Number of protein chains: 2
Amino acid sequence: MARKTGSHSEITGPLVRKAAQRLFARKGFAAVTMREIAAEVGVQAGALYLYTPDKQTLLFELMRTHMQEVLAAWEREPKGEGPLKRLEAFCRFHIRFHLERPDDVFIAYMELRSLTPENFAVIEKLRHEYEDHLEAILAAGQADGIFRIPDTRLATMAIIAMLTGVNTWFREGGRLSRERVERIYWNMVRRAVGA
Amino acid sequence: MARKTGSHSEITGPLVRKAAQRLFARKGFAAVTMREIAAEVGVQAGALYLYTPDKQTLLFELMRTHMQEVLAAWEREPKGEGPLKRLEAFCRFHIRFHLERPDDVFIAYMELRSLTPENFAVIEKLRHEYEDHLEAILAAGQADGIFRIPDTRLATMAIIAMLTGVNTWFREGGRLSRERVERIYWNMVRRAVGA
DNA sequence: TCAATAACTGAACGTCCGTTCACATCAAGG
DNA sequence: CCTTGATGTGAACGGACGTTCAGTTATTGA
């Protein structure tokens with residue numbers, strides 16, 4: 001019997017989430033069956049319902065946890081002083097964090113349409129919160145005359161799209177090291193905002 | 001009876017492709033049923049098989065046609081002289097063409113994993129062909145000393161990700177006109193490549 | 001020792017899936 | 001006018017789907 005007050009196994013639960021994460025990222029939410037997830041964990045399909053009320057909630061919790069972890073990690077990140085340092089910190093953080101969690105990132109960007117409207121609204125709000133951190137940096141730099149940006153919202157979207165794109169081609173142990181990729185992207189962003 | 005030698009209706013066929021395109025873009029390939037597509041067209045599910053051998057081929061042909069149209073349209077595009085003009089032409093073309101076909105673009109970027117390995121290889125090759133057009137421009141500009149790019153392949157991926165990202169937020173009749181968006185993005189790209 | 005309970009199985013539920021096919025409809029060609 | 005062939009219907013196919021649940025097992029606290 002479990003010691004803790006929380007119900008359900010503390011071993012199988014995380015395994016279910018990890019298996020779902022891998023399979024959702026690889027095949028897409030709609031193409032993954034509960035039986036596949038269960039087989040990956042090593043249990044029967046019925047056992048999954050000890051750890052999630054349904055398939056939709058399994059996806060939603062994965063995405064919500066991921067978005068909250070992004071936000072929390074950015075809070076903890078050392079950012080330096082001034083908009084320029086902060087922008088560099090953001091770019092490097094975004095690339096590094098996303099490369100560490102390719103499956104989560106893939107799901108967060110591809111499976112928005114698989115969420116119910118209520119769940120979508122929650123995730124969308126968290127995503128917007130993250131984008132606002134970048135936009136605030138750009139607006140501060142613009143106000144200081146350090147950046148030359150015609151539209152901070154547009155620049156925010158452009159930079160995030162560019163940085164997130166790393167996940168589509170970067171391979172560990174490939175031609176370019178992560179540090180080198182970070183530096184090159186940071187330089188492109190710095191020049192793009194006119195600094 | 002049809003005059004032309006080609007089999008099948010020349011009215012319903014395109015309707016099937018359009019309905020599939022809309023639904024695949026909105027809900028994802030795996031989440032769309034043949035019965036849904038048929039209902040959108042106004043026929044029974046069985047009738048779809050007069051126009052496609054199966055669901056997978058329907059997706060594949062949509063993606064192949066789209067990629068071929070992108071390549072053909074870029075061929076026709078007036079490009080101007082020199083790497084700088086050509087890069088501007090590419091950026092403006094990419095944004096404009098993609099905004100004109102949001103459903104096709106969404107499918108082309110999201111449903112790669114829904115393709116069989118053989119079909120995936122075909123689409124991937126066409127996509128690479130398109131990327132190579134941009135990379136050639138960047139390499140030419142780098143050779144001429146007009147651009148300052150540490151890695152042309154990386155810059156290619158970064159620019160395409162950034163430009164394609166417009167589709168995720170741009171809305172016709174919104175705060176920014178398409179022309180203004182084109183100009184701002186082009187300026188960001190120009191500065192990002194050091195020109 | 002034994003009742004309690006967490007963890008899980010295996011079968012079943014109603015439904016929906018992609019696809020097939022025998023048959024109906026109907027405009028046009030000879 | 002009557003055959004032909006394109007165009008479609010509607011029912012059916014076997015299988016897979018998400019989810020439920022009665023029952024089995026194993027481990028624990030008292």
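Everything quoted here is computed from the prediction, not taken from an experiment. Every chain is numbered from 1 and lettered A, B, ... according to where its sequence line falls, protein lines coming before strand lines.
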Fill in the blank from the handout: When every non-hydrogen atom of Phe120(A) is compared with those of Leu112(A), the smallest separation belongs to CD1-O, 3.5 Å

Problem - Centroid-centroid distance, Phe106(B) to His66(B), less than 6.0 Å - result: no

Exercise for the section: Grab the two heavy atoms, one from His98(B) and one from Asn167(B), that are nearest each other, plus how far apart they are. Expected result: O-ND2, 3.1 Å

Problem - Options dG10(C), dT9(D), dT7(D), nucleotide nearest the side-chain atoms of Gln44(A) - result: dG10(C)

Practice task
Check whether NZ of the Lys or CZ of the Arg Arg113(A) lies under 6.0 Å from the centre of the six-membered ring of Phe29(A) and within 45 degrees of that ring's axis.
Solution key: no

For nucleotides 13-19 of chain D, tabulate all protein N/O to nucleotide N/O atom pairs closer than 3.5 Å, reporting atom names and distance.
unit_1	atom_1	unit_2	atom_2	d
dG18(D)	OP1	Val32(A)	O	3.3
dG18(D)	OP1	Lys55(A)	NZ	3.2
dG18(D)	OP2	Met34(A)	N	2.9
dG18(D)	N7	Arg35(A)	NH1	2.9
dG18(D)	O6	Arg35(A)	NH2	3.1
dT19(D)	OP2	Tyr49(A)	OH	2.7
dT19(D)	OP2	Lys55(A)	N	3.0
dT19(D)	O5'	Tyr49(A)	OH	3.2
dT19(D)	O4	Arg35(A)	NH2	3.4

Practice task
Return the value, rounded to whole Å, for the distance between atom CG of Leu48(B) and atom P of dG10(D).
Solution key: 14 Å

Problem - Nearest-Å distance for atom pair CD1/C1', residues Ile11(B) and dA6(D) - result: 12 Å

Exercise for the section: State, with a plain yes or no, whether a side-chain heavy atom of Asp151(B) is found less than 4.5 Å away from one of Arg175(A). Expected result: yes

Practice task
May I ask you to verify if any side-chain N or O of Thr12(A) is less than 4.0 angstrom from the OP1 or OP2 atom of dA7(C)?
Solution key: no

Problem - Euclidean distance, atom CG of residue Leu15(B) to atom C1' of dT7(D) [Å, nearest integer] - result: 14 Å

Practice task
Would you mind telling me which of dT7(D), dT9(D), dC8(C) lies closest to the side-chain atoms of Tyr51(B)?
Solution key: dT7(D)

Exercise for the section: Write down the distance between CG (Leu59(B)) and C1' (dG18(C)), rounded to a whole number of angstrom. Expected result: 15 Å

Exercise for the section: Would you check if Tyr51(B) and Leu15(B) make a side-chain contact, meaning some heavy-atom pair closer than 4.5 Å? Expected result: no

Exercise for the section: Starting at atom CG of Leu50(B), determine the distance to atom P of dT19(C), rounded to an integer number of angstrom. Expected result: 14 Å

